[in-house]
Structure formats: C-alpha cells, structure tokens
Number of protein chains: 2
Amino acid sequence: MNNRLEEIRKKRGIKQEELAKALEVSRQTIGSLENGRYNPSILLAFKIARFFGMSIEEIFIYEEENNV
Amino acid sequence: MNNRLEEIRKKRGIKQEELAKALEVSRQTIGSLENGRYNPSILLAFKIARFFGMSIEEIFIYEEENNV
DNA sequence: CCCAAATGGAAAGTACACTTTACATTGTTG
DNA sequence: CAACAATGTAAAGTGTACTTTCCATTTGGG
C-alpha cells in the first residue's frame with residue numbers, strides 16, 4: 001500500500017512530531033508510515049483521515065497487492 | 001469500531017464461507033469481524049470494501065473510540 | 001561554519017490480526 | 001427426529017503494527 005502522508009503533512013506545514021502528538025502515536029510510527037516500513041492499523045488510518053478531513057481512500061492507496 | 005458487514009453480506013445473500021474465500025481469509029476471520037471480536041487490518045478493510053463496491057467508511061463505522 | 005531542529009532508521013518488547021484445529025449451537029429440510 | 005449446513009467461539013501459534021530507546025544523518029538559520 002502506498003500513501004500520501006508526507007505530501008499531505010508537508011502541505012499543512014506540520015512536523016512529524018506534531019502530527020504524532022495529535023494522533024497520539026509515536027513520532028517513529030509517523031516516519032515508518034511515510035517511508036512505507038509498514039501499514040497503519042485501521043484505527044490509525046481513521047484517525048489520520050479524520051485529522052486531515054479526508055477519506056481513508058484519499059490518503060492510502062490500495063492497488064491489489066499481489067503478495068501471496 | 002462498529003461495522004455493517006453482516007448486514008451487507010446478508011443483503012447480498014452470501015455465506016460467511018463464500019465471502020471468506022473471495023477475500024482469501026478464513027471463515028473465522030469473517031465471523032470475528034461480524035461479531036466485533038477484533039478489527040480488520042487496513043488491507044483486509046480495503047479488500048472488503050472493494051469486494052462490495054463500497055468505501056471503507058460506508059462499511060466500518062469509526063466513532064472516536066475513547067479507549068486509553 | 002555551527003548548532004540545533006527535524007527526520008531516518010535499527011533493536012527489542014508488547015498487543016493484536018489472522019490462521020488452523022476443534023467442538024458446540026442453531027437452523028433447515030427430508 | 002435425523003442429518004447436514006451455517007454460524008459461534010475458544011486455544012495456540014505466527015506475523016506485524018506500534019512502543020521506547022538510541023544513534024546517525026540531513027537541513028536550515030544564526
């Protein structure tokens with residue numbers, strides 16, 4: 001899964017640490033999401049979407065992962 | 001998090017097992033989601049939404065969980 | 001240039017999504 | 001009622017999301 005987190009966060013002019021605090025997760029979690037080290041839980045995805053006033057689908061891009 | 005999985009699945013007239021096979025997860029996973037034993041991963045949420053031709057937000061209802 | 005702020009990322013531990021196996025319960029339907 | 005289909009659910013194991021701690025690298029402003 002890809003995501004537009006870094007792009008969207010920078011457009012809002014906020015730091016990873018500020019976003020992390022707002023979402024009540026660690027800064028490393030934000031960094032890991034932005035750099036694709038892992039995917040968010042659905043709860044975190046909802047928090048992120050709500051924070052930015054967007055839908056999950058606008059932020060996280062699912063393209064038929066062929067990982068079997 | 002609540003979800004409308006059971007409702008939507010029944011409206012389509014398909015069995016838990018059929019849905020499970022289509023999504024490539026176990027039948028128990030579907031049952032557990034329908035009965036709220038746990039939340040789906042975001043990948044599974046995307047698969048479910050895509051399967052039903054709906055958005056994640058239409059199926060999974062996030063209401064500011066106050067679980068801290 | 002220099003320092004500090006911002007970010008990248010590894011390591012070890014915890015929580016939970018998901019699997020397989022197994023069994024019990026609840027409807028049908030013959 | 002008998003027998004089978006559909007669902008509920010528990011237990012134990014695995015993978016991964018997320019945490020805390022720690023250090024390295026990058027970047028911008030004085």
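All heavy atoms count here, side chains included; hydrogens, waters and symmetry mates do not. First the proteins, then the strands, lettered A, B, ... as listed; each starts at 1.
Note: OH (A:Y38) to C1' (C:dA10) measures 12 Å, nearest angstrom. Counting to the nearest Å, the P atom of D:dA17 and the CG atom of B:L43 are 8 Å from each other. Atom-to-atom, CG of A:N35 to C1' of D:dT26 comes out at 13 Å; the value is rounded to the nearest Å. Atom-to-atom, NZ of A:K15 to P of C:dG8 comes out at 15 Å; the value is rounded to the nearest Å. As rounded to whole Å, 15 Å separates atom C1' of D:dC18 from atom CD of A:Q16. A straight line from CD of B:E17 to P of C:dT20 spans 12 Å, rounded to a whole angstrom. Here D:dA5 presents its P atom at 19 Å from CD1 of B:I14, a figure rounded to the nearest Å. Here C:dA5 presents its C1' atom at 12 Å from CD of A:E18, a figure rounded to the nearest Å.
With DNA chain D read from its 5' end, the first of the two nearest nucleotides for A:V25 and B:E6 is the one closest to B:E6. Comparing B:L33 and B:R27 by the nucleotide of DNA chain C that holds the closest heavy atom to each, the one mapping nearer the 5' end is B:L33.
Look at B:E18 and B:R9 and you find no salt bridge, because none of the NZ, NE, NH1 or NH2 atoms lies under 4.0 Å from a carboxylate O. Under the 4.0 Å criterion applied to side-chain N and carboxylate O atoms, B:K21 and B:E17 are not assigned as salt-bridge partners. Salt bridge annotation for A:E6-A:K10: present, with a cationic side-chain nitrogen under 4.0 angstrom from a carboxylate oxygen.
Below the 3.5 angstrom threshold, one finds a donor paired with an acceptor across the side chain of A:Q28 and the base of C:dG9.
Note on B:S26: a base of the nucleic acid sits closer than 4.0 angstrom, heavy atoms only.
B:E63 CD to B:N2 CG: the interatomic distance, rounded to the nearest 0.5 Å, is 4.5 Å. To the nearest 0.5 angstrom, B:I14 atom CD1 is 4.5 Å from B:L19 atom CG.
Contact annotation: A:S41 reaches the phosphate of D:dC18 (side-chain N/O to OP1 or OP2, under 4.0 Å). Phosphate proximity of C:dG9 to A:R37: present, with a side-chain N or O under 4.0 Å from OP1 or OP2.
Proximity note for A:L44 (side chain, C-beta onward) versus D:dC18, D:dG8, C:dA17: the nearest is D:dC18.
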